[in-house]
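Have a look at the structure below before the remarks.
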Amino acid sequence: MRFPGHGHRGHPQDVVIGPLDLSAHVDEALAVQAIAFGLGPDEVAVRRQIVLRHMTYPGARALGATAGGRLVGFVYGMPNDRTHWWSTVVEPYLRAQGHDHWLDDSFVITELHVHPHHQNRGIGRALITTITDAAAEPRSILSAIDTESPARGLYRSLGYQDLARQVLFPSAPKPYAVMGADLPLRR
């Protein structure tokens, strides 16, 4: 998928979306995430190990958005498994809302990040819709910081709804919302 002339301001390069070998490009992807999400070096080091472990899970896959040969955005996810750490944390919150069945037969969006210079151009939307279009599962789930943000607006526009709010992850300074949507996502 190609976005003509949507590169960094002053450099209107095409942005191309395609498969990404995330294990081989983990440092480049985490550099994008660090800028987009405001992560420090210690958090990046922890997330590096998490990403590499996730990419060994059955069905894990990633897409990247590149401009001029540089990674400017990425998404990755996998079929959800109730034994994964994320599921064990969110399950009580979902159960309390009567939504724990969303943990079954769902494709989880683990991370979606676009470099700030490339945001608001449809790249995040293209990444998430493209990766979920290939999912065998009938629905998708994700977590996002529980505040009104452009990311949450994007997810809502695609059909994601809040399943649980004020979800607390160990060591995360802010609460998250768990959101779910039937697939295919709205366009």
Side-chain angles (χ1 to χ4, degrees), residues 1-41 43-55 57 59-80 86 107-135 140-145 147-160 172 174 176-181 183-187:
M1 180 176 295
R2 185 175 292 275
F3 290 82
H6 284 107
H8 178 37
R9 291 174 190 87
H11 303 282
Q13 302 157 328
D14 289 355
V15 174
V16 179
I17 293 177
L20 174 65
D21 180 349
L22 189 53
S23 295
H25 296 277
V26 65
D27 295 321
E28 195 177 353
L30 287 174
V32 170
Q33 183 176 1
I35 292 167
F37 212 56
L39 302 178
E43 182 65 18
V44 168
V46 169
R47 289 180 183 240
R48 186 178 197 281
Q49 297 309 312
I50 293 168
V51 170
L52 292 173
R53 184 178 68 245
H54 283 166
M55 295 314 295
Y57 291 172
R61 60 186 185 281
L63 297 175
T66 57
R70 294 182 50 107
L71 191 69
V72 299
F74 73 100
V75 63
Y76 84 92
M78 65 201 81
N80 195 56
W86 181 86
F107 186 82
V108 64
I109 300 298
T110 308
E111 299 289 350
L112 170 62
H113 299 285
V114 176
H115 191 286
H117 291 144
H118 296 272
Q119 291 176 0
N120 301 311
R121 295 186 170 115
I123 296 167
R125 176 179 298 273
L127 285 166
I128 194 170
T129 57
T130 303
I131 200 166
T132 58
D133 281 351
S140 174
I141 54 176
L142 56 80
S143 55
I145 293 175
T147 186
E148 293 311 310
S149 65
R152 297 247 299 151
L154 167 64
Y155 302 144
R156 282 193 193 99
S157 75
L158 294 167
Y160 285 90
K174 298 177 184 177
Y176 279 70
V178 176
M179 303 177 77
L183 296 179
L185 296 176
R186 288 195 306 237
R187 295 299 200 256

Checklist entry - Say you draw a straight line from CG of Leu30 to CG of Leu22; how long is it, rounded to the nearest 0.5 Å? => result 7.5 Å

Item to check | Inter-residue atom distance Leu20.CG - His25.NE2, 0.5 Å rounding | outcome: 6.0 Å

Next on the checklist: Under 4.0 Å between a side-chain nitrogen and a carboxylate oxygen: does that hold for Arg61 and Asp21?
Outcome noted: no

Next on the checklist: Below 30° counts as parallel, above 60° as perpendicular, anything between as tilted: where do the rings of Tyr155 and Tyr160 land?
Outcome noted: perpendicular

Next on the checklist: Test your reading of the model: is there a side-chain donor-acceptor pair from Ser140 to the backbone of Phe107, 3.5 Å cut-off?
Outcome noted: yes

Checklist outcome for this item: Of all heavy-atom pairs linking Val44 and Ala34, the shortest is CG2-CB, 3.8 Å

Item to check | Closest non-hydrogen atom pair, Ser23 against Met55 | outcome: OG-CB, 3.4 Å

Item to check | Sole residue of His115, Glu43, His113 in side chain to side chain donor-acceptor pair (under 3.5 Å) with Gln33 | outcome: His113

Checklist outcome for this item: Separation between CE (Met78) and OG1 (Thr110), nearest 0.5 Å, reads 3.5 Å

Checklist entry - In chain order, what residues pass the side-chain hydrogen bond (donor to acceptor under 3.5 Å, both in side chains) check against Ser157, with sequence neighbours excluded? => result Arg125

Next on the checklist: Whether the side chain of Arg152 engages the backbone of Pro150 through a donor-acceptor N/O pair (distance < 3.5 Å, no angle test) should be reported.
Outcome noted: no

Checklist entry - Does any N or O in the side chain of Thr66 come within less than 3.5 Å of the main-chain N or O of Gly69, such that one atom is a donor and the other an acceptor? => result no

Item to check | Side-chain heavy-atom pair Leu142, Ile128 within 4.5 angstrom cut-off | outcome: yes

Item to check | side chain to side chain contact (heavy atoms under 4.5 Å, CB included) between Ile131 and Ile109, worked out | outcome: CA-CA 9 Å; Ile131 200 166; Ile109 300 298; 3.7 Å; yes

Checklist entry - Taking side chain as C-beta onward, heavy atoms only, is Phe37 less than 4.5 Å from Val32? => result no

Checklist entry - Between Thr130 (side chain) and Leu127 (backbone), is there a donor-acceptor pair under 3.5 Å? => result no

Item to check | Shortest non-hydrogen contact between Gly124 and Leu154, atoms and distance | outcome: C-CD2, 4.1 Å

Checklist entry - Can you tell me how far the CZ atom of Arg48 sits from the CZ atom of Arg53, to the nearest 0.5 Å? => result 13.5 Å

Checklist entry - What distance do Glu28 atom CD and Leu71 atom CG have between them, rounded to the nearest 0.5 Å? => result 4.5 Å

Item to check | Leu158 side chain near Thr129 side chain, heavy-atom distance below 4.5 Å | outcome: yes

Checklist entry - Are Arg121 and Val15 side-chain neighbours, meaning at least one heavy-atom pair lies under 4.5 Å? => result no

Next on the checklist: Counting C-beta onward and ignoring hydrogens, is there a side-chain heavy-atom pair between Met179 and Arg156 closer than 4.5 Å?
Outcome noted: yes

Item to check | Minimum side-chain heavy-atom gap Phe74-Leu112 below 4.5 Å | outcome: no

Item to check | Student check: side-chain heavy atoms of Trp86 and Ile50 closer than 4.5 Å | outcome: no

Item to check | Any donor-acceptor N/O pair, Glu111 side chain to Val75 backbone, under 3.5 Å | outcome: no

Checklist entry - If every non-hydrogen atom of Ala62 is compared with every non-hydrogen atom of Tyr76, which pair is closest and at what distance? => result CB-CB, 3.7 Å

Checklist entry - When you look at His117 and Val72, which way does the side chain to side chain contact (heavy atoms under 4.5 Å, CB included) test go after all the steps? => result CA-CA 8 Å; His117 291 144; Val72 299; over 6 Å; no

Item to check | Side chain proximity check, Pro116 to Ile35, heavy atoms < 4.5 angstrom | outcome: yes

